[in-house]
Amino acid sequence: MNEWTGVSGKYVIITGATSGIGRAAAVQLAARGARIGIVARNEAKANEVAAQLNEVAGGGAVADVFVGDMASQRSVRQVASEILERCPRVDVLVNNAGALYYHRHLTEDNVEMTWAVNHLAPFLLTSLLLDRLKESAPARVITTSSHGHRAAREGIDFDDLSGDRLYGRRRLLGGAFGRYAETKLANILFTAELARRLQGSGVSAYSFDPGLVATNFNKNNGVLVRWNMLVMRPFSRSPEKGAETLVWLTDSADVPESGEIYFADKRSKAPSGAAQDPDAARRLWEVSEEQTQGSSSLQG
Ligand SMILES: NC(=O)c1ccc[n+]([C@@H]2O[C@H](COP(=O)([O-])OP(=O)(O)OC[C@H]3O[C@@H](n4cnc5c(N)ncnc54)[C@H](OP(=O)(O)O)[C@@H]3O)[C@@H](O)[C@H]2O)c1
């Protein structure tokens, strides 16, 4: 298998590049010579980012836009088929789009929104692009997790995948944050199981914690929560700093090809005990397949 030679000349698909960590990473990657496929729900914002990337790259057309809502499996499937049609290679897939929902909503697929956007969308998009990633090997799949995964101490509650009990039990932010923590734990378990199933394929899987970053995160949850985020700003990193580990995982030849799946500050790090449970990782894969109607071709 060929060695990783950096991101220059490679094709990187990135979700959630219209804001915050994803946007900062896309800018840095374009500056390093990558071609970027922006997956976004807001076409106007995505076109604005694409223009910025083209400018950063010196005026060439280095960015493509794929419009899709990660809360909708129909939309994720549409985006994936458009990517397969337009992109002969995909060297890196970055699953970065994410959100926290203070109130429980169901998507059109009848799935709780945080679970749908933060976990099922990465699972489905990765599954649908996997053959193209394998053809492009060496390739990388990188998923943005969070130190917040540690709050899901007891692991994923497989009896409450709809988040009904969790949101119902604690109505304050704790319930919503507990749900968010579960999805960020799911990002790591998904990465672990993906890495295991991809052994020997030339496709590596990584997750990372960007730290506490000043972005638009959590601004969808009303005035009080916005105010809370404002109070935390002085303790937060800039989006550029928050994107450093993501850029490193995408670009560097020093990233271990296998064995390490969780990173922070450009170093591998042990995730929580719950994130190191291989049975939970396997079970998560199985339920995710069910919730996305058998989208994965990878055998256990
Ligand atoms: N900020 C932090 O302190 C922190 C810490 C740990 C982990 N993270 C993780 O970092 C990732 C990026 O978050 P951020 O802090 O950069 O927040 P952000 O500024 O709010 O960016 C989130 C990105 O995700 C996109 N997105 C959200 N829901 C989507 C949907 N349904 N379909 C398509 N795109 C969607 C947003 O699109 P729009 O521009 O259209 O809203 C935006 O581009 C998330 O996975 C988050 O969990 C953040």
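Please read all numbers here as calculations on a predicted model, not as lab measurements. Read the numbers this way: they start at 1 and go in the same order the structure lists the ligands and their atoms.
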Consider only side-chain N and O atoms of N118 and T183, and report whether a donor and an acceptor are under 3.5 Å apart. yes

Cut-off 3.5 Å, side chains only: do T126 and N95 have a donor facing an acceptor? yes

Evaluate the ring planes of F123 and W285, with Trp represented by its six-membered ring, and classify them as parallel (under 30°), tilted (30 to 60°) or perpendicular (over 60°). perpendicular

Side-chain donor-acceptor contact under 3.5 Å, W115 with Q291: yes

Please go through Y262's hydrophobic cluster and name the other residues, only I, L, V, M, F, W, Y counting, with side-chain heavy atoms under 4.5 Å joining them. I188, I261

Ligand 1: which residues have a non-hydrogen atom closer than 4.0 Å? G16, A17, T18, S19, G20, I21, R41, K45, G68, D69, M70, A71, N96, A97, G98, V117, T144, S145, S146, Y180, K184, P210, G211, L212, V213, T215, N216, F217

Regarding R179 and the six-membered ring of Y102, is the cationic atom NZ or CZ under 6.0 Å from the ring centre and inside 45° of its axis? no

